[in-house]
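Take a look at the structure below.
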Amino acid sequence: MPTLTPSAPASSASAPSTTATAPLTTGTRAATASVLASQDRTAELEQAIRRDPHAFRILTGDRSTGALHLGHYFGSQQNRVRLQNAGVELLVLIADYQAITDRTAAAGLPDIVIGLVADYLALGIDPDRATIFAHSQVESLNQLLLPFLSLVSVAEISRNPTVKEEIAAAGTPTVSGLMFTYPVHQAADILFCRANLVPVGKDQLPHIELTRTIARRFNERYCPEAPYFPEPDGLLSSAPLLLGTDGQKMSKSRNNSVPLRATADETARLVSRAKTDSERRITYEPERRPEVSNLVLLTALCRDTTPEAVAAEIGDGGAAALKRAAIEAINDRFAGLRARRAALAAEPGYLRSVLAAGNEKASAIGAETLAAVRELMHQRY
Ligand code: TRP
């Protein structure tokens, strides 16, 4: 089991004791401070990973609401593959309970889940080294939700900005208990295998913070002498947040994304309807021109160059030239991945066997954790 020295004080700048008492009006400032602290910490962690990749266990995951898209690829997937290839142990979770917090019709789940496995393998996650599993299939993981729920207050969950956003985005008149508590479930996802590193986008930082709180409180309450759970770190990817074709955050559930597996024609259709603005000259100014800058950024990421270089090249070509460049860049960059994915999709039996093996491995890890937790909680009769 990987162990890591506790986080440097840098990351405690965003400890719950600070955020919990912060008045609402400073929420944005507190969140910015937390992102900055995580960026510093990320640089430290990257060095530590280079020194000793085996000191880390990564748990990361995606909710099974649809196919992976470009935002996932540049935001998290690429980073996972890089870390896997650097020798870090990698567990990839398909959050199929989290999927039912909102709109996904349950009957569609098997195809989505198996489709995710195909996406993972096509983009370079190696089933021989990594563990791909679905959290509904790991009973011990879900069992941890109960003790963890006892360690957080309703007020703490209510304050979680990501949950607030999710609830707003779902647009449903009521909030289910599962939706409300999903960050606690996410803590169980991370801690069931005692992962110490979680590569995430900025929007997930509040969940990492809650996970750290839960780990700390569990340790304080049940095993102060020998802390059992690590306080995991979020590892921010260096890619900036990609927007969807409507200028909002790219999201499977917002219907504004370009799926990784989209065909070249589908990509052209999706990108050509993307929102832009009426200024002819193409520039990279994310604050002032978010939609245009987003297409510039996407093109740059696909070409492994800088957004400034892309903007300069297109110059007075306008939005039409920008979109043509973006479409070409995406289709070039992902042609190989898409071909691999198509070949994998033709082998559903193989994909199911990869998932079954991952579920089994995760269950063995989770059973060990649950046994230790029961012991520590004096629930052995
Ligand atoms: N909440 C994540 C998302 O919406 C998915 C997720 C579930 C996750 N459990 C996790 C991510 C554990 C990292 C670690 O994308």
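When a ligand or atom number is given, it counts from 1 through the structure's own listing order.
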Exercise. How are the rings of F192 and F133 set relative to one another: parallel (under 30°), tilted (30 to 60°) or perpendicular (over 60°)?
Worked result: tilted

Problem set entry | Short side-chain donor-acceptor distance under 3.5 Å, Y222 and H378 | no

For this session: Mark yes when over 12 heavy atoms from residues, nucleotides or ligands other than R288 sit less than 6.0 Å from its CZ; otherwise mark no.
Result: yes

Problem set entry | Subset of ligand 1 atoms that lie under 4.0 Å from at least one heavy atom of L93 | 7 (C), 9 (N), 10 (C)

Exercise. Would you say D189 has any N or O atom under 3.5 Å from an N or O of ligand 1, going by distance alone?
Worked result: yes

Seminar exercise, completed: With heavy atoms and a 4.0 Å threshold, my read on which part of Q98 contacts ligand 1 is side chain

Problem set entry | Numbering as shown, the atoms of ligand 1 that approach A95 to under 4.0 Å (heavy-atom distance) | 7 (C)

For this session: May I ask you to check whether H207 and N160 show a side-chain donor-acceptor distance below 3.5 Å?
Result: yes

For this session: Determine, for Y228 and R194, whether the Lys NZ or Arg CZ falls below 6.0 Å from the six-membered ring centre while staying within 45 degrees of the axis.
Result: yes

Exercise. Side-chain donor-acceptor pair under 3.5 Å between Q47 and R50, yes or no?
Worked result: no

Exercise. If you measure every N/O of R63 against every N/O of ligand 1, is any gap under 3.5 Å?
Worked result: yes

Exercise. What's the shortest distance from atom 8 (C) of ligand 1 to any protein heavy atom, and which residue and atom give it?
Worked result: Q186 NE2, 3.4 Å

For this session: Any atoms of ligand 1 less than 4.0 Å from a non-hydrogen atom of L59? List them with their elements.
Result: 12 (C), 14 (C)

Problem set entry | Region of V200 engaging ligand 1 - heavy atom pairs below 4.0 Å | neither

Exercise. So Y97 and H185, would you call those rings parallel, tilted or perpendicular, with 30° and 60° as cut-offs?
Worked result: tilted

For this session: With heavy atoms only and a cut-off of under 4.0 Å, state how Q204 meets ligand 1: side chain, backbone, both or neither.
Result: side chain

